[in-house]
Amino acid sequence: MQQREEKQLEAAVDSLVSRVSLVKNALQSFINKLENEYERLTWPSVLDNFALLSGQLNNINKLLKNEKTPSFRSQVIIPLLLSPDRDEDLAKLTEQRVPVFSHEIVPDYLRTKPDPDVEEQEKQLSAEAARIGPEVAQKQIQVLNKLCSSLLEKLNNPREDRDPDGAGARQNKPSFNSADTSLLVTAVAFGKGLSKCRPPGPVAPGHSGQGSMMSGGPTLQQVTIGGGAGQQSGMGGPVAQQQQGQPGKMPSSIKTNIKSASGSMHPYNR
């Protein structure tokens, strides 16, 4: 009888090890995809990997709950030898994950209960869940389902489909003001809307009448003065400089220019 139970336990352990090995391989493949193929990885592929892992874990639970499987709760593992030295056989058996079997790692690998901190947090969550009544819990579930449904609807529908009028308005929105453009063109081409004022500058004596003639719009008149390098040209009326060595005598070219310019002046200023 004892030999039969030992054989059943050994067969159950072998089956459990093989199923855990499948879970390990699936996890390694999924982690490899996440690290090396994340650019080409799609969400349906991620869901498929999660579904594969979930199915394998369900198979392990079914194996543990099977009537033919002996209860592992009645089996106790006791470490017979603890050593800080490296054990090659243990490292090979665990794929180099556990090189030594010392006092430091035994409490973690042979633990049958969660860590004290995790166990305390679990107790707090269980107590908080017990304080919430069934009606309050049902209302919170409905609110959460509503929020999830709304979020999924927004993620599945494109933005243009949710707001077609807004999308069309954004595409057809003009990037300029036609009225301002027309005013600018007429002002540059025809001077429409510009203020009428004479250009700034001193007015020469005896030419006050010329200002009334120029009030209709800005006028720029340039008079060329022939002579040496010390002679200059004036705006709005000729301004002459005296030649060197001839004080008080006006050059003949300036006299000609003044005579020709005086023909367009007001009669009272001649």
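Within a 6.0 Å radius of CG in Leu47, other residues, nucleotides and ligands contribute more than 12 heavy atoms. The neighbour count for Glu128 CD, taken as heavy atoms of other residues, nucleotides or ligands under 6.0 Å away, does not exceed 12. Residue Glu104 qualifies as open at atom CD: its count of foreign heavy atoms under 6.0 Å is 12 or below.
Hydrophobic clustering (side-chain heavy atoms under 4.5 Å, transitive across Ile, Leu, Val, Met, Phe, Trp, Tyr) groups Leu64 together with Leu9. Note: the hydrophobic cluster containing Ile77 does not contain Leu93 (ILVMFWY, side chain heavy atoms under 4.5 Å, direct or indirect links).
Note that CG of Leu53 and CG of Leu27 are 5.0 Å apart. Values are rounded to the nearest 0.5 Å. Separation of atoms CD (Glu120) and NZ (Lys123) is listed at 6.0 Å; rounding is to 0.5 Å. Distance check: Leu90 CG to Arg97 CZ gives 12.5 Å after rounding to the nearest 0.5 Å.
Side-chain atoms of Asn66 never come within 3.5 Å of backbone atoms of Lys62 as a donor-acceptor pair (strictly under, hydrogens ignored). Asp87 places a side-chain N or O within donor-acceptor distance of the main-chain N or O of Asp89, the cut-off being under 3.5 Å.
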Using side-chain contact (heavy atoms from CB on, under 4.5 Å), reason through Lys139 and Val143 one step at a time and then give a plain yes or no. CA-CA 6 Å; Lys139 289 182 180 179; Val143 172; 5.5 Å; no
Would Lys68 and Gln8 count as a side-chain contact (heavy atoms from CB on, under 4.5 Å) here? Give the steps. CA-CA 8 Å; Lys68 297 181 180 181; Gln8 289 181 353; over 6 Å; no
Side-chain donor/acceptor pairs under 3.5 Å, residues 178-186, sequence neighbours excluded:
unit_1 : atom_1 : unit_2 : atom_2 : d
Asp180 : OD2    : Asn177 : ND2    : 3.3
Thr181 : OG1    : Asn177 : O      : 2.9
Ser182 : OG     : Ser178 : O      : 3.0
Thr186 : OG1    : Ser182 : O      : 3.0
Thr186 : OG1    : Leu183 : O      : 2.9

Which donor-acceptor pairs under 3.5 Å do side chains of residues 10-26 form with protein atoms, sequence neighbours excluded?
unit_1 : atom_1 : unit_2 : atom_2 : d
Ser18  : OG     : Asp14  : O      : 3.4
Ser18  : OG     : Ser15  : O      : 2.6
Lys24  : NZ     : Glu95  : OE1    : 3.2
Lys24  : NZ     : Glu95  : OE2    : 2.7
Asn25  : ND2    : Ser21  : O      : 3.2

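In terms of the side-chain contact (heavy atoms from CB on, under 4.5 Å) criterion, residue partners of Glu88 (sequence neighbours excluded) are, by chain and number, Arg86.
Residues Pro79 and Val106 are in side-chain contact: their nearest non-hydrogen atoms beyond the backbone lie under 4.5 Å apart. In this structure, the side chains of Asn145 and Ile141 come closer than 4.5 Å at one or more pairs of heavy atoms.
A side-chain hydrogen bond (donor to acceptor under 3.5 Å, both in side chains) check over residues 34-59, counting only residues at least two apart or in different chains, returns the pairs Asn32-Asn36. A ring-ring contact (aromatic ring centres under 6.0 Å, His included) check over residues 64-115, counting only residues at least two apart or in different chains, returns nothing. Pairs of residues two or more places apart, or lying in two chains, that qualify as ring-ring contact (aromatic ring centres under 6.0 Å, His included) and include a residue from residues 10-34 are Phe30-Phe50.
With respect to Arg111 and Asp108, a salt bridge is recorded, a charged nitrogen being found less than 4.0 Å from a carboxylate O.
Taking every heavy atom of both residues into account, Ala91 and Pro99 meet most closely at CB-CA, 4.0 Å. Across all non-hydrogen atoms, the minimal contact from Val100 to Asp85 is CG1-O, 3.1 Å.
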